[in-house]
Amino acid sequence: MASHVVLTSGAKLWRSLPCLTSELRLDLTLACGQSFRWRETAEGHWTGVMGGRVWTLTQTDDRLWYHVYTNQKKRRGRENRAEEQPEGVPNVEEEAPAVTDEQQSTMEAEMLREYFQLHVKMEDLCRHWGAADRHFKNTADVFTGVRMLRQDPTECLFSFICTSNNHISRIQGMVERLCQALGVPLCQLDQTPYHDFPTLSALADSSVEARLRDLGFGYRARYLQQSAKMILDTHGSQWIEGLRRVPYLEAREALRTLPGVGAKVADCVCLMSLDKPEAVPVDTHVWQIAKRDYKYAADNGQKSLTDKLYKDIGDFFRKLWGPYAGWGQSVLFCADLKKFQNLKEMGHVKQPKKEKETHKRCKKTKKDFDGNKIKTESEYRKKAKISVKKESTL
DNA sequence: AATCGACCTGTCAAC
DNA sequence: ATTGCCAGGTCGATT
């Protein structure tokens, strides 16, 4: 049976392209909650599905290394209970014609460059933002290499419908189950099955809501099925991708017509998959950041994020950072996650003492993958103390 | 335009 | 071991 590869045990299996860690940090970028499908399968090695293939990625100081697994079951011997397979699923066949390793590798490198949007220079952006924004500079000095992925629009949309009123840790499990239940199987590595993200037609099936409720999706089960059905019924299968070619606000409003898609989810999809770098998703984190770190006072102690406040905060950051404001937001958002608080304490220090934690989490259970229990306790204590200390000296 | 409550359920931190 | 709040929101009804 195939297993996950690691760089140290066979450089033959790997290709690479130039990429500085100042431009890309896999550990931050793949685990900050923009994509939910990457797992650290060995120390510093991230395995996930992208472009219908299974990849393992890792990096050294100046290169990004990748391995693509071959699809074991090209011909599915398993009964595929989707009897109605509309003709619009061209994804099944490729690499049948003679493609040299060289060509294959070139194509894969190009897929990676696109996925990580390596043409966008984070160093330049951060220097620019940091010059005018003290707080950003302090944060970005530690959180260097957080960048926006260019995700598949369908995957992005349906993943983010799952995020409402929810935790990242739980969302990851849900998206995993979604793919397992409705996506085409790709391969299996060390007992872990990998599936493609479900197609629109798979998501739109009337049986899906009940199925997903059984899988613990709660009220989001209906949103997923209904949104997929609405897209296919009223727009067609190419509609979401087509939104890449329309202006930001138009794409945003189009998305908001879907059930389960409000301002925040629409902005996430715009920013993370539709080439709208000016989209600034405002969630509770960003709201807190605006108030706490930017003394954003235009909300007179409001209880909830109203439409107007949402827009004002987005405009505030767009004015501060310009057309790539969404990229800036993602850096601060990442820095605000508690799973990454330990990075702040050690500043630039390269590799922390590795708690031996990385080994046990690679098994196959999804719950070992939290990565934040290592220091949360002290961190929480510290945080609480800070906010309390101001009002009561202990 | 702002506020309120309901909505599913797993996680995490506090009894 | 158990409990209770809450999490990267959205929707519909009210004021």
Side-chain angles (χ1 to χ4, degrees), chain A residues 31-36 146 148-149 156-178 209-227 230 252-253 255-272 279-292 298-314 317 326 329-341 365-385 388:
Chain A
C32 68
Q34 49 175 324
S35 168
F36 302 98
V146 179
M148 292 315 304
L149 267 19
C156 191
L157 170 62
F158 287 90
S159 295
F160 274 88
I161 288 177
C162 299
T163 65
S164 77
N165 197 18
N166 210 346
H167 299 254
I168 291 182
S169 50
R170 182 181 167 213
I171 297 165
Q172 279 187 337
M174 287 167 62
V175 173
E176 190 65 43
R177 293 196 294 281
L178 182 68
E209 177 179 351
R211 185 99 180 273
L212 294 183
R213 277 202 177 257
D214 284 344
L215 292 175
F217 281 64
Y219 58 86
R220 304 169 196 83
R222 180 158 31 93
Y223 292 153
L224 292 165
Q225 190 272 331
Q226 286 187 158
S227 282
M230 183 178 300
R252 184 175 184 273
E253 291 321 299
L255 290 169
R256 287 191 67 171
T257 63
L258 302 170
V261 181
K264 154 64 169 58
V265 169
D267 272 332
C268 285
V269 178
C270 281
L271 174 64
M272 301 172 187
V280 178
V282 181
D283 50 40
T284 52
H285 281 274
V286 176
W287 188 16
Q288 294 311 309
I289 289 169
K291 288 191 292 191
R292 182 191 63 212
D299 78 291
N300 312 304
Q302 280 178 297
K303 292 283 188 229
S304 61
L305 205 46
T306 63
D307 283 352
K308 176 166 166 38
L309 181 55
Y310 186 102
K311 180 181 185 312
D312 287 347
I313 293 178
F317 284 117
Q329 169 270 353
S330 75
V331 174
L332 298 190
F333 176 84
C334 183
D336 208 52
L337 293 175
K338 58 177 185 290
K339 74 201 289 185
F340 294 133
Q341 293 311 299
T365 33
K366 34 217 154 161
K367 39 164 71 148
D368 328 345
F369 188 81
D370 23 284
N372 50 353
K373 62 173 45 146
I374 308 170
K375 72 304 165 178
T376 38
E377 195 184 349
S378 68
E379 191 48 41
Y380 252 69
R381 221 200 315 281
K382 189 173 127 196
K383 244 183 180 167
K385 211 179 288 179
V388 164

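Letters go in sequence order (proteins before strands), and every chain restarts at 1.
C:dC11 and B:dG10 are spaced 23 Å apart, taking the C1' atom of each and rounding to whole Å. If you take atom C1' in C:dC6 and the same atom in B:dG5, they sit 15 Å apart, rounded to whole Å. Distance noted for atom C1' between C:dC5 and B:dT9: 13 Å (whole Å).
The base of B:dC8 sits with one of its N or O atoms less than 3.5 Å from a complementary donor or acceptor on the side chain of A:Arg220. Evaluation of atom-type donor-acceptor distances gives no pair under 3.5 Å for the side chain of A:Arg170 against the base of B:dT11. A:Tyr219 contributes a side-chain N or O that forms a donor-acceptor pair with the base of C:dG9 under 3.5 Å. Residue side chain A:Lys264 reaches the base of C:dG8 through a donor-acceptor N/O pair under 3.5 Å, judged by distance alone. Side-chain N/O atoms of A:His167 and base N/O atoms of B:dG10 include a donor-acceptor pair closer than 3.5 Å.
A:Gln329 comes within contact range of no nucleotide atom at all, as no heavy-atom separation falls under 4.0 Å. A:Val282 comes within contact range of no nucleotide atom at all, as no heavy-atom separation falls under 4.0 Å. Using a 4.0 Å heavy-atom criterion, one finds that A:Gly216 contacts the sugar-phosphate atoms exclusively. If you check every strand for non-hydrogen atoms under 4.0 Å, A:Cys162 touches nothing. Among the atoms of the strands shown, none is found under 4.0 Å from any heavy atom of A:Val286. Within 4.0 Å (heavy atoms only), A:Pro259 reaches sugar-phosphate atoms of the nucleic acid but no base atom. Within 4.0 Å (heavy atoms only), A:Ile168 reaches at least one base atom of the nucleic acid. Here A:Ala221 lies out of heavy-atom contact (under 4.0 Å) with every strand. Contact annotation for A:Leu258: backbone-only contact, meaning every heavy-atom pair under 4.0 Å involves sugar-phosphate atoms and none involves a base.
Proximity of A:Lys291 to A:Gln288: side-chain heavy atoms (C-beta onward) are separated by under 4.5 Å at one or more points. Counting heavy atoms from C-beta outward, A:Tyr310 and A:Asp307 have side chains that stay 4.5 Å or more apart. Put simply, the side chain of A:Leu271 reaches to within 4.5 Å of the side chain of A:Pro281, judged on heavy atoms.
An OP1 or OP2 oxygen of B:dT3 is reached within less than 4.0 angstrom by a side-chain nitrogen or oxygen of A:Ser304.
Put simply, CG on A:Leu305 is 11 Å from P on B:dA2, counting in whole angstrom units. Atom CZ in A:Phe36 sits about 10 Å away from atom P in C:dG8, given to the nearest Å. Atom CD1 of A:Ile171 is separated from atom P of B:dG10 by 14 Å (rounded to the nearest Å). Remark: C1' of B:dT9 and OH of A:Tyr223 are 15 Å apart, rounded to the nearest angstrom. Atom NZ in A:Lys339 sits about 10 Å away from atom P in C:dG8, given to the nearest Å. In this entry the distance linking CG of A:Asn165 with P of B:dC8 reads 11 Å, nearest Å. The nearest whole Å value for the distance from the CG atom in A:Leu309 to the P atom in B:dA2 is 8 Å. For the pair A:Ile313 CD1 and B:dA2 P, the interatomic distance rounds to 12 Å; values are reported in whole Å.
A salt bridge is defined here as a Lys NZ or Arg NE, NH1 or NH2 lying under 4.0 Å from an Asp or Glu carboxylate O, and A:Arg256 with A:Asp267 fails to meet this definition.
Across all non-hydrogen atoms, the minimal contact from A:Gln34 to A:Phe160 is O-CE1, 3.3 Å. Nearest heavy-atom pair across A:Arg220 and A:Ile161 is CD-O, 3.8 Å.
Using N1 to N3 plus N6-O4 or O6-N4 for Watson-Crick, or N1-O2 and O6-N3 for G-U wobble, each under 3.5 Å, B:dA6 pairs with C:dT10. Base pairing analysis places B:dA14 opposite C:dT2; the two distances defining the Watson-Crick or G-U wobble pair are each below 3.5 Å.
Distances were taken from every side-chain heavy atom of A:Lys308 (C-beta onward) to each of B:dA2, C:dG8, B:dT11; the shortest belongs to B:dA2. Each of C:dG8, C:dT10, B:dT11 was ranked by its minimum atom distance to the side chain of A:Ser164; first place goes to C:dT10. Residue A:Thr306 places its side chain closer to B:dA2 than to any other of B:dC8, B:dA2, C:dG8.
Taking CD1 of A:Ile168 as the reference point, atom CZ of A:Phe36 lies at 6.0 Å (rounded to 0.5 Å).
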